[in-house]
Amino acid sequence: MTESYVKKLSFTLLDAIPDKDPAVQEQVCSALCSLGEARPEEMLCACEKYLRQHDKLAHPYRAMVLRAMETVLNSHIHELDKDTANIVIFLASSEMTKTKELGCDWQRAASNVLVAVGKRFVNQVMEEVLSKFQPGILPHCSVVETLASLSISNAFGMVPFLPSILSTMLPMLGMAKQDAMRVVFCCALQHFSESTLEYLANLDQAPDPTVRRDAFATDIFSAYDVLFHHWLQSRDAKLRLAVVAALGPMSHLLPSEKLEEQLPKLLPGVLSLYKKHAETFQVSKSLGQILEAAVSVGSRTLEVQLDSLLVALHAQICVPVESSSPLVMSSQKEVLRCFTVLACCSPDRLLAFLLPRLDTSNERLRVGTLQILRHIINSAAAQMEVKKPFILSSMRLPLLDTNNKVKRAVVQVISAMAHHGYLEQPGGKVMVEYIVHQCALPPEQEPERPSTDGEETADSVRLVSIRTLYLVSTTVDRMSDVLWPYLFEFLTPVRFTAALTPLCRSLVHLALKRQEAGADTFLVQYDAYAHANLPSPYAVTTRLLVVSSNPYLGDGRGAASLRLLKVLHGSIHPLLGQRWEITVPLLLEYLDEHTKETLSQKEWEEKLLVFLRDTLAVISDNMWICQLSLEMCKQLPSYSGTPQEKNFLYKCIGTTLGATSSKEVVRKHLRELLETARYQEEAEREGLACCLGICAITHLEDTLAQLEDFVRSNVLRKSIGIFSIFKDRSEHEVEKVKSALILCYGHVAVRAPRELVLAKVESDILRNMSQCFSTKVLGIKVETKDPALKLCLVQSLCMVSQAVCSSAQASAFYFSRKAELVAQMMEFIRAEPPDSLRTLIRKKAMLACTYLVNLEPALEEQAQADVIHGCLHSVMALPPESNGEDSMCQEPLYLDTMHALEDLLTSLLQRNMTPQGLQLMIEHLSPWIKSPRGHERTRAVDLSACLLQYFLEHLHVSALVPFHNLGLLVGLFSPRCADTWPATRQEAVGCVYSLLYLQLGYEGFSRDYRDDMAERLLTLKDGLVHPDPTILFHTCHSIAQIIAKRLPPDQLISLLLTMFEGLVDPDKNCSRAATVMINCLLKERGKVLLEKVPEIVSVLRSKLQETQEEHVLPAAQHSVYLLASQHCAAVVSSLLGSPLPFDSHTCALWRALAVEPSLTTQVLGLLLEKMSRDVPFKESRTFLLGSTPDRVATLLPLAATCALYEVVSAPASGTAVLELYPQLFVALLLRVSCTVGVQLPRNLQAKEKRSTGTAPVARNLDPCSTAVDTLQALLLQGGSQDVVQRVELGGGWELLRTSAGHENGVTQLASAMAKCAGPRLPLLMKALVCTQDSVYEIQRVTSTAFLAELLSSNVVNDLMLLESLLDSLAARQKDSSASVRRLVLRGLANIASGSPDKVRAHSSQLLTAMISGLDDGDDPHSLVALEAMVGLARLLHLVEPRDLRSVLLHTAIRIRPFFDSEKVEFRTASIRLFGHLNKACHGDCEDIFLEQVVGLQVCTVHVHPPPGARGAGGCLPEAPAGRS
């Protein structure tokens, strides 16, 4: 970088300093410093120039620049040239004195720059500063501060200037009137004195070694006089502290005689400041300096002032400390330094003052005195050497103090004593014992609780004591002979148990140090210490081994004890060294690998017992082993307060007895143990049992003999005396003894050699166990209700069964009492409370059953079922587990119990490893898998997963056989993949996974084969963790796809039927999952289910009736849709087989078939076929043979009609309805016609009556009404709403339902269709024409009536349908039905209304038809002729006259007989027609016609007698042109 570049960069950075953001300011200063590191001179010059050019830059920013310059100067002062230094000095001097404000940061920063330059260029700086320090003128305060700072930073450079500076300054002291200025002068005098003392102390390095103290004495005394006699009296506390801070170093420069002269006033003056100031650091520091100065000159005045000094200083140490701030701690140190000075000059008077104060009961005084004592022991060792006995004896009362603060202070004093040889004196061991006692203090229950107000806790005392003991043992060589072997005395007493870890660590260090020093191999020479209370090697071994059983207690006493054992191998036994060098490190390594939380207590104790067994084998000295067993028995009572350790000691005793060859010793110790054991303690009972069990490994006969003797002794007899006030207690104690004995037998059985124990199981062990468990009262066997005794029996039976099972001869062993014992265990299990789990009885009883079921003889089938059912009910129904102490089902105990149940079920499954056996187990679990309680489902599915996994792992297929219950099992578990409990979902996937691999196994695949589809299940588990229903059910769909691809076809229906059961599952999620999976399976594999469609539909309907869940119905609809998509005819037939009337669910299923147009078309076609395939009704005579037969509807057409209604009513069916509109309309119209007056079958009539009362909303099942409703639904769905409304307004729908009004109803319908649905008529007419040949007269009548009415509308002409309609009607003129023939004539006559302009074109055809009608002789009621007369009357005025001439006469003659008819409608029609004929009569026929008129007149007069009869002309009024 060039100089100009550095300058530009510096200016750029400096311009950014005034930024408002403090972070930016800090970064700019940091950048300036970095630049100065690279180019210091250029950066300093740039800063100087910038500040000179920016004279108005604010003070805070100028201070930042100056501080950056100071940083660079401190790092690179030796690289600075003189010119640059002068520039910087001038700048800093100018900046420092620009303002007269006192103590601003800007001035201080400038002063610091001068001080930094002065480290090298002191002369140049002094020249500049002294120019502003002129005699007679009060200088700027920053100038004085700079001189003071320079004297500290560069004493060698500054001290030569001090005489002249002092001579100039002294007159200024009187000129300083402000306290702030006086404080500055005091600080300067303090620093001048300190730098002078430093200079004088290092004259050999000083540039001018001729400088002497005398050169400063006069000036310093003059300054002293001002400060002490004038300024010290100031009211300003800050000034007083500044004065006293200066007086301390100044006292060393005062002339000796002057100091001696001033001490009587100086010392009291300084001491008085303690009362005036809370912060006493400067006072104490200055006092210490004054005392040192006084001692250095041999002052006699000090002796006079000593008492007041001691009182004042002692009070400062004893004053309560409010905080532990550095200033407070420093003040304490300065006070203690004063005591050091006094101890060196007056040790006797100091101790005479201190030691009596140790006897006080005041905590503060005692603690403070102990602190001073510790300090002077350390700092004035030479003076205290001859005072050791005196000091030791004075500690008697403090050692008895129970205050924690005092204890801590005592421990610290003892630590100091240890370093200076005090503990080697008589009474020193008392101090060691005190330290050990404090190490043995119990740890605080809440060590994390912070102490308040300086409070000391017992835990802090203990920790300090532990550190002190270890420090003294390891760092103070002279303490080795004091502590060794004295510390051994503390190993075995129980009261020192908490101190074992530090004791062992100290002893290990001491032992190793002695070995390095070449001590004898036998580290503890008992002969040499015969007078000492040292524990024997047996006691040490026992103690250290037992406390190692709880290795992490007491800050890791297990490892510490083992390390001590290792180094003491020579003292324990000479043969152990080499072996323990291998075994002990392995134990220590095991402890290092674990923590308190991860260590298995059982495994660790077993390792220790193996270590003990190995040790005894190496020693192989029967006498030594007997001595060890004796010592172990002696120590048993010591561990009454620590049950776990006592339990382990029992195991050690058993191990030791097992290693001895002396049977007499074994019997003696076992007898004593049985007689002296504290049977009330559970851990002791367990320990005793373990002891006998371990002993039985090598002494089975002796162990059983001692147990037998004890059982037969009077100890088991209850106190039954009438005056026994302890009866209940003694009974309770006897129960505990029995519990222990039963446990002993169990442990003996499980530990003794298998080849020996089988012969003893039933003859000795079980017999005595049974005797202990039950007693006889008056010859009746009475069993105890004590739960502890029950538990012991269960545990022991479990161990006995385990022993038998693990024997090599187990398969040949016939256990005659097996069924009895299993029944006993089940009784215990059933007796447990069903709503809580607080004991181990369930778990242990199930474990016993687990072992027992594997023995011969096999359990009967019913007994096995009872075991499974009883155990499942006992565990599954328990409330959810938790970790709380007050919970009804604690998690650790619950987990153990579940594992026991799992082992039992697995053991039972193992005896029948077939698909049937697996299904049997799952059937027992099935009610729990479907339980409404989530925790029960989770447990059941978890157990099922374990059983399936076990079955899969142990699957052996010798021949390819079908896994026939795969579908059933998969159907049971797969819906659980969506259970509301996440744990259940996970396990359910595992179950399906195992089942698919079981199927592959039965198909012949090897066990290590991995199927891609099945493996996908594991990847889908993550989707089941997510609570989002969308993700959850999508995952279930994927699972169903996998199942569909891997399931054999023959298993599909059983899978579906099982899943249908899941639709009514109490867990809604599972019910939904079942629907998702069912529909997926139907979609994927539905094609193979043709034969099963009826069964599936039937099950679906039944499940819909069982559940009210909203989601099931839409899913069932989709299922039916999927089935119908593949097997439409089968689904339709199955649904048609549903009972009538259709319930709401069946109706919903029908509507599901209308979802997709092509399927709907198929369904509608099939329903039309079903409706027309069977006869619409059957006739039956109910009463007399001559009565009219009743018409009863047939079921299939009726069901098809109902189904059509549901399908057509569905909104989605619109497309298909439009496509089949003509066929549907015609078929339904004809269905209406043929059901008029038709009755329901009797069974349906009764059902209809019942449903009327229970379900008023149900649809009417009347055949005709059903058909009419369906026809209406068709019209509505087909877009013909207007037709429906029009017919409704005319009452047509009701007319259609009745025999009398049916024709009119059809007529209204046809009229409405013609008016509102004309475009549909061509196809409708075509379809109707095809039905005119129907075998049913009523259908022909209906179709003819509909077609006939169409001719009354002009729309047929517009649609060019007239000709075809006429032809169709004309073709029915010869119909056998008079009603059809009549309607044909009506229709032909309707042309007059609908197409009058077409009448003449077809007049010949029309007239011929009408004349034929007049001649119809097959109609006994002449209704055809009536219709012909009415029709002719409507047509005559529209026909050409010439066309009438040929028929006129014939017509007149033909109607003549009707003039005389009794029926008014016949007379009316004939007369009206005759009138129309009269109008049409012209020419030749008039005469003939007139003859008919005369006859008519006579007839009219006859029928209508006068008065007022009119003439012939009047009796023939003109008939109306048409029908009303």
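Computation of the quantities below employed the complete heavy-atom set of this structure, encompassing side-chain atoms and omitting hydrogens, waters and symmetry-equivalent molecules. Counting from 1, the numbers follow the sequence of the chain as shown.
- With Ser1119 contributing its side chain and Leu1082 its backbone, the two residues share no donor-acceptor pair below 3.5 Å.
- For the pair Val1192/Leu1240, no side-chain contact is recorded, criterion being any heavy-atom separation below 4.5 Å from C-beta on.
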Please evaluate residues Leu1195 and Leu1136 with respect to the criterion side chain to side chain contact (heavy atoms under 4.5 Å, CB included), reporting the C-alpha separation (whole Å), side-chain torsions for both, the decisive distance (0.1 Å), and the verdict. CA-CA 9 Å; Leu1195 289 179; Leu1136 285 174; over 6 Å; no
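- Environment of NZ in Lys1170: crowded, with over 12 heavy atoms of neighbouring residues, nucleotides or ligands closer than 6.0 Å.
- Once rounded to the nearest 0.5 Å, the distance linking CG of Leu1230 with CE of Met1171 reads 8.5 Å.
- Of all the heavy atoms in Leu1166 and Cys1128, the pair that sits closest is CD1-SG, 3.6 Å.
- Contact record, Thr1270 with Tyr1205: OG1-CB, 3.3 Å, taken as the closest heavy-atom pair.
- For the atom pair Glu1095 CD and Ser1134 OG, the distance stands at 10.5 Å (nearest 0.5 Å).
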Intermediate values then yes/no, side chain to side chain contact (heavy atoms under 4.5 Å, CB included), Asn1079 and Lys1083: CA-CA 6 Å; Asn1079 290 331; Lys1083 183 178 180 180; over 6 Å; no
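- Under the 4.5 Å side-chain criterion, counting only non-hydrogen atoms from C-beta, Met1313 is in contact with Leu1321.
- Inspection of the Ser1213 and Arg1151 side chains reveals no N or O donor paired with an N or O acceptor under 3.5 Å.
- Scanning both residues, Lys1087 and His1127, for their nearest heavy atoms gives O-CE1, 3.2 Å.
- Nearest approach of Pro1263 to Ala1193, heavy atoms of both residues: CG-CB, 3.6 Å.
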Would Arg1286 and Lys1315 satisfy side chain to side chain contact (heavy atoms under 4.5 Å, CB included), going step by step from the backbone distance to the final call? CA-CA 10 Å; Arg1286 195 175 186 87; Lys1315 286 182 174 60; 3.0 Å; yes
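- In this structure, the ring of Phe1177 has its center less than 6.0 angstrom from the ring center of Tyr1336.
- A donor-acceptor contact shorter than 3.5 Å links the side chain of Gln1308 to the backbone of Gly1290.
- The backbone N or O of Ser1334 sits less than 3.5 Å from a side-chain atom of Arg1340, completing a donor-acceptor pair.
- Of all the heavy atoms in Ala1216 and Thr1161, the pair that sits closest is CB-OG1, 3.4 Å.
- Between the CZ atom in Arg1101 and the OG1 atom in Thr1146 there is a gap of 4.0 Å [rounded to 0.5 Å].
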Between Leu1135 and Val1097, does a side chain to side chain contact (heavy atoms under 4.5 Å, CB included) hold up when you go through it step by step? CA-CA 7 Å; Leu1135 285 174; Val1097 172; 3.6 Å; yes
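- Side-chain contact between Trp1293 and Val1284 is present, with heavy atoms from C-beta onward closer than 4.5 Å.
- Tyr1221 and Ser1280 form a side-chain donor-acceptor contact under 3.5 Å, judged by distance and modelled atom types alone.
- Within the 4.5 Å cutoff, the side chain of Tyr1121 has no heavy atoms near those of the Leu1123 side chain.
- Contact annotation: the side chain of Phe1225 approaches that of Leu1309 to within less than 4.5 Å [non-hydrogen atoms, C-beta and beyond].
- Pairing each heavy atom of Ala1148 with each of Leu1113, the nearest pair is CB-CD1, 3.6 Å.
- A donor-acceptor contact under 3.5 angstrom links the side chains of Ser1377 and Glu1337, judged on distance only.
- Within the 3.5 Å criterion, the main-chain N or O of Leu1168 finds a donor-acceptor partner in the side chain of Ser1172.
- Between the side chains of Thr1342 and His1302, at least one donor-acceptor pair of N or O atoms lies under 3.5 Å.
- In this structure, the side chains of Lys1103 and Val1112 stay at 4.5 Å or more apart for every pair of heavy atoms.
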Using the side chain to side chain donor-acceptor pair (under 3.5 Å) rule, take Asp1269 and Thr1266 through it: C-alpha gap first, then chi angles, then the decisive distance, then the call. CA-CA 5 Å; Asp1269 292 344; Thr1266 302; 5.8 Å; no
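- Only one option out of Leu1274, Val1208, Val1132 pairs with Leu1164 in a side chain to side chain contact (heavy atoms under 4.5 Å, CB included); it is Val1208.
- Considering only heavy atoms from C-beta on, Leu1149 comes within 4.5 Å of Leu1104 through its side chain.
- Side chain of Gln1277 to backbone of Ala1210: a donor-acceptor contact under 3.5 angstrom is found.
- Side chain of Ser1395 to main chain of Ile1391: no donor-acceptor pair is present (N/O by atom type, distance under 3.5 Å, no hydrogens or angles).
- Counted by atom type alone, Arg1297 and Ser1265 present one or more donor-acceptor pairs between their side chains at under 3.5 Å.
- Between the side chain of Gln1126 and the backbone N or O of Leu1122, at least one donor-acceptor pair lies under 3.5 Å.
- Annotation: side chain of Met1429 is not in contact with side chain of Arg1434 (no heavy-atom distance under 4.5 Å).
- The closest donor-acceptor contact from the side chain of Ser1133 to the backbone of Ala1130 lies at 3.5 Å or more, if one exists at all.
- A donor-acceptor pair under 3.5 Å is absent between the side-chain atoms of Arg1231 and the main chain of Val1268, judged by distance alone.
- The structure places OG of Ser1368 at 8.5 Å from CG of Leu1366, a figure rounded to the nearest 0.5 Å.
- Remark: Leu1328 CG to Leu1229 CG distance equals 6.5 Å, nearest 0.5 Å.
- Atom CG in Leu1276 sits 6.0 Å away from atom CD in Gln1281 (nearest 0.5 Å).
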